[in-house]
Protein chains: 2
Amino acid sequence: MTDTTDRLEDSFGVVRRATLADVARDLKISPSTVSRALDPNRSTMVNKATREKIIESAERLGYRPDIQARSLMTGRTQTIVVIAADLGNRWLTPILHGVASRVSVEGIVPIIAETNDDSRVLDDLIDHMLSRRVDAMIVVGARRGDGPSIERAARMVPMVVAARPLQDVSVPVVTHDDRRGGEMIGQHFADLGHRVVAQLLGPGAVLNFPLRNEGFTSAIESAGLRQLPAIDEALRPTYDEGARLMHRLLDVSSDVPTAVFAHNDPMAIGAMSVIRERGLRIPEDISIAGYNDMPLTSLINPGLTTVRYPGWEVGHAAAEVALRLFAGEEAVESVSLNPVLKPRGSTAPLP
Amino acid sequence: MTDTTDRLEDSFGVVRRATLADVARDLKISPSTVSRALDPNRSTMVNKATREKIIESAERLGYRPDIQARSLMTGRTQTIVVIAADLGNRWLTPILHGVASRVSVEGIVPIIAETNDDSRVLDDLIDHMLSRRVDAMIVVGARRGDGPSIERAARMVPMVVAARPLQDVSVPVVTHDDRRGGEMIGQHFADLGHRVVAQLLGPGAVLNFPLRNEGFTSAIESAGLRQLPAIDEALRPTYDEGARLMHRLLDVSSDVPTAVFAHNDPMAIGAMSVIRERGLRIPEDISIAGYNDMPLTSLINPGLTTVRYPGWEVGHAAAEVALRLFAGEEAVESVSLNPVLKPRGSTAPLP
DNA sequence: CAGGGTCTTGCAAGCGCTTGCAGTAAGACG
DNA sequence: CGTCTTACTGCAAGCGCTTGCAAGACCCTG
């Protein structure tokens, strides 16, 4: 890339960015004309010859519009923020990609921020982003009880809740049907002929998990299987917590279940390592299923039966909803996408 | 969270954000005083009593400073952008956390953007971020040849290259010693008594990989081992490409190596599945090592021997360097952190 | 009591941009 | 040839904030 632009340097040789005024001065015309010439929507207002001169000069001087300054007048910042719980969480990536793929065509760049799954951090973040005048916010890291903060912010800026559902909230929610996903796992266990099953519960404050629980339990009950009572719930939906709950399940219960539903994939993998540690085989002694269909689930042995979470689609839809709200549409509706069961080697019929 | 703030509503009931002028009007004082009272650095300039009244009023009206407007005067946007190659790449997360942990104490929020490992996208992104007047950029997704674009931008805004090294570039580079890491693996193979080894090369345009190659090769040579010639290099450093290269290695070579160095963990895992598919055992028939020490490497069986990549530290240091540049420090130096070998079950002595 | 600080506050300019309005020139029309 | 459009351009205000400067009030010196 050759660099033939005239640079504006101050006495110290530090480069100053070219402004509209610089271009105007260069051409001895008014900044307004330059502004209009460079805006695709208003460029027809200016004479073709002048416009070409302006474009040439702008390029030569290396002019870049200042989005901050522009937003002061227009009220738009071309920025949308995605508030996530934890950037390390791999199921976030497809969601982010979905959002980016939708908004980038509008010249909007998504900002990503992280709450560490702490509701106070969420509050602060929302505050900060309000200060930044972002065009919209997509909250993918909501916890039970975050509704009021989100609704309060929704009065100032378009808000959408995505991925993790939230009940009784007046903003649009884009997610998939966790209840149905739980049902699918329960049904799958029943189809395989299991009689005694158990769950490793994810943290109740993240509402996906109670929904998965509900769906699973209802499928189990209507199929007439027996579910061991849950000992405890995970503090965080992680590998370590999955291992801890599995230990407790095997320690406490007098019965050993023949099929276990861990509320997400990392928990399931943690549980698998514990099962093996205890000298039990998967799936011969215990079948196990997870949730999310993360990339690593197909790499482990045996492959983990799980439910595909349509992250990209959720992100894309959430962005769509956010853009609509921003455009001033009134009745923007919530969206619920469908889960898909992915049976793999970790679940098998009862011998 | 109770909501007792007085809202400024227009005739349609739409909430308008409170501005400095609103607070000033409320108290019948000048906006300058309000501005000063609310800035920690200048709040001593204003009388204690007035300051308290101002703070009370600001709170009551729900005033939030407009960062965009402020940045117009101050020249700072309190924003730093991290340009990554691929958000789905898990080793990115600790780097991002490292950056965030350093800048957040300054009230700066990192923006994350993605290039999809495409140099043209990087160019566009840099341009866009220049328009956004970000305070600094950290490029974690650089490829060979991106130097000129980065240097050009460096004349307008502090730039630092992180994680992926870049040679002959005039901006600070924060990374770790890939050459040394490669050496460690080579030495490890030699220590275990292997005689015939091979590599699965990562894409040469990402400069970490040639460095790993160099280090490994030099260790191998000085230990007097034989290295099979590399057939091909991966197009992307992924599971699939690792599998493809492993297939080719086993197909093409007349010799079978007893130890293989895959240039990163996903490639190594891809290779492992191929090795097994072919009926060979790990580590009895073939030892294999990866690079990065991603979380999943300890979950698979056997555990993958690898080199720990200090992502958090790299991110933290890169942010530190960026902040220094932004503060106007002149001679900010490149940083190189140390790799650490993590021997696990996937490598073993030659029987 | 004059002269000199020290505190507080307000004024006004300006950051880089957009935009309503008015002004000019040129062509169109009767 | 006068009047109306039409096409283009500039003026000036203003988005919400910061900041140099000056002014006023007050207190302290000698």
Side-chain angles (χ1 to χ4, degrees), chain A residues 8 10 16-54 57-58 61-78 107 130-135 156, chain B residues 8 10 16-55 57-58 61-78 107 130-135 156-157:
Chain A
L8 302 162
D10 66 16
R16 187 172 62 78
R17 298 159 41 91
T19 69
L20 267 193
D22 291 321
V23 177
R25 208 172 304 123
D26 181 49
L27 262 34
K28 303 199 198 340
I29 57 177
S30 101
S32 346
T33 306
V34 180
S35 167
R36 287 190 270 253
L38 263 26
D39 177 347
N41 297 318
R42 295 174 303 153
S43 64
T44 53
M45 291 182 178
V46 10
N47 182 285
K48 188 141 176 265
T50 12
R51 193 192 332 162
E52 277 163 4
K53 276 196 305 197
I54 290 173
S57 166
L61 297 179
Y63 169 75
R64 300 268 168 277
D66 184 323
I67 297 185
Q68 319 282 327
R70 176 182 291 167
S71 79
L72 214 47
M73 274 306 291
T74 61
R76 314 188 42 164
T77 53
Q78 308 272 86
L130 245 25
S131 259
R132 276 216 129 70
R133 298 222 147 182
V134 296
D135 290 346
M156 324 219 62
Chain B
L8 302 163
D10 65 17
R16 187 171 64 77
R17 299 159 40 93
T19 69
L20 266 193
D22 291 321
V23 177
R25 208 172 303 125
D26 181 49
L27 262 33
K28 303 196 196 346
I29 57 178
S30 99
S32 347
T33 308
V34 180
S35 166
R36 288 189 269 253
L38 264 24
D39 177 346
N41 297 318
R42 293 174 305 153
S43 64
T44 52
M45 290 182 178
V46 12
N47 181 285
K48 189 144 177 259
T50 10
R51 194 194 329 165
E52 277 162 6
K53 276 197 304 197
I54 289 173
I55 291 176
S57 167
L61 298 179
Y63 169 74
R64 300 268 168 277
D66 184 323
I67 296 185
Q68 320 283 327
R70 176 182 291 167
S71 78
L72 214 46
M73 272 308 291
T74 61
R76 314 188 41 164
T77 52
Q78 309 272 86
L130 245 25
S131 259
R132 278 216 128 70
R133 298 224 145 183
V134 296
D135 291 346
M156 324 219 62
V157 70

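Naming: A, B, ... by sequence-line order, numbering from 1 per chain. Note that the structure is predicted; figures quoted are calculated from it, not measured.
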Original post:
Looking only at side-chain N and O atoms, does A:T33 come under 4.0 Å of OP1 or OP2 in D:dG10?
Top reply: yes

Original post:
Side chains of B:S71 and B:R76: does their closest heavy-atom pair fall under 4.5 Å?
Top reply: no

**OP:** Please name the pair of heavy atoms, one in A:R70 and one in A:P65, separated by the smallest distance, quoted to 0.1 Å.
**Re:** NH2-CB, 3.2 Å

**OP:** Summarise how protein sits on nucleotides 23-28 of chain C as a single string, 5' to 3': B when a protein heavy atom is under 4.0 Å from the base, S for sugar-phosphate-only contact, - for no contact.
**Re:** ------

Subject >> Pairwise distance CG(B:L20) to OG1(B:T33) - rounded to 0.5 angstrom >> reply: 10.5 Å

Original post:
Over its full length, what angle do the end axes of the helix from C:dC1-D:dG30 to C:dG30-D:dC1 make, each axis taken from five pairs and the result rounded to 10 degrees?
Top reply: 50°

Original post:
From B:T44 OG1 over to B:R36 CZ, what is the distance, rounded to the nearest 0.5 angstrom?
Top reply: 11.0 Å

Please produce a list of atom pairs where a protein N or O lies less than 3.5 Å from an N or O of nucleotides 12-18 of chain D.
| residue | atom | partner | partner atom | Å |
| --- | --- | --- | --- | --- |
| D:dG16 | N2 | B:A69 | O | 3.3 |
| D:dC17 | OP1 | B:Y63 | OH | 2.8 |
| D:dC17 | OP1 | B:D66 | N | 3.1 |
| D:dC17 | OP2 | B:L20 | N | 2.4 |
| D:dT18 | OP1 | B:R70 | NE | 2.7 |
| D:dT18 | OP1 | B:R70 | NH2 | 3.4 |
| D:dT18 | OP2 | B:S35 | OG | 2.6 |

Original post:
So, for A:L130 and B:R17, which heavy atoms are closest and what is the spacing to 0.1 Å?
Top reply: O-NH1, 2.5 Å

Original post:
Do you see a donor-acceptor pair shorter than 3.5 Å between the side chains of A:R42 and A:S35?
Top reply: yes

Original post:
Rounded to the nearest 0.5 Å, how far does OG of B:S57 lie from CD of B:E52?
Top reply: 13.5 Å

Original post:
How long is the span from the CZ atom in B:R64 to the OG atom in A:S131, to the nearest 0.5 Å?
Top reply: 7.0 Å

Subject >> Closest non-hydrogen atom pair between A:L38 and A:A58, with its separation >> reply: CD2-CB, 4.3 Å

**OP:** Search all heavy atoms of B:Q78 against all heavy atoms of B:G107 and return the closest pair with its distance.
**Re:** NE2-O, 3.7 Å

Original post:
Residues two or more places apart in sequence or in another chain: which of them pass side-chain hydrogen bond (donor to acceptor under 3.5 Å, both in side chains) with A:D135?
Top reply: A:T77

Original post:
With side chains defined as the heavy atoms from C-beta onward, is the minimum distance between B:D66 and B:T19 less than 4.5 Å?
Top reply: no

Original post:
Which residues within residues 43-54 of chain A lie with some heavy atom under 4.0 Å of an atom in DNA chain C?
Top reply: none

So which protein nitrogen or oxygen atoms get under 3.5 Å of nucleotides 4-6 of chain C's nitrogens or oxygens?
none

Original post:
How many angstroms lie between atom CG of A:D22 and atom CG of A:L27, to the nearest 0.5 angstrom?
Top reply: 12.0 Å

**OP:** Enter the distance from A:I54:CD1 to A:S43:OG here, rounded to the nearest 0.5 Å.
**Re:** 10.0 Å

Subject >> Taking every non-hydrogen atom, the tightest pair across A:A24 and A:S30 >> reply: CB-C, 3.9 Å

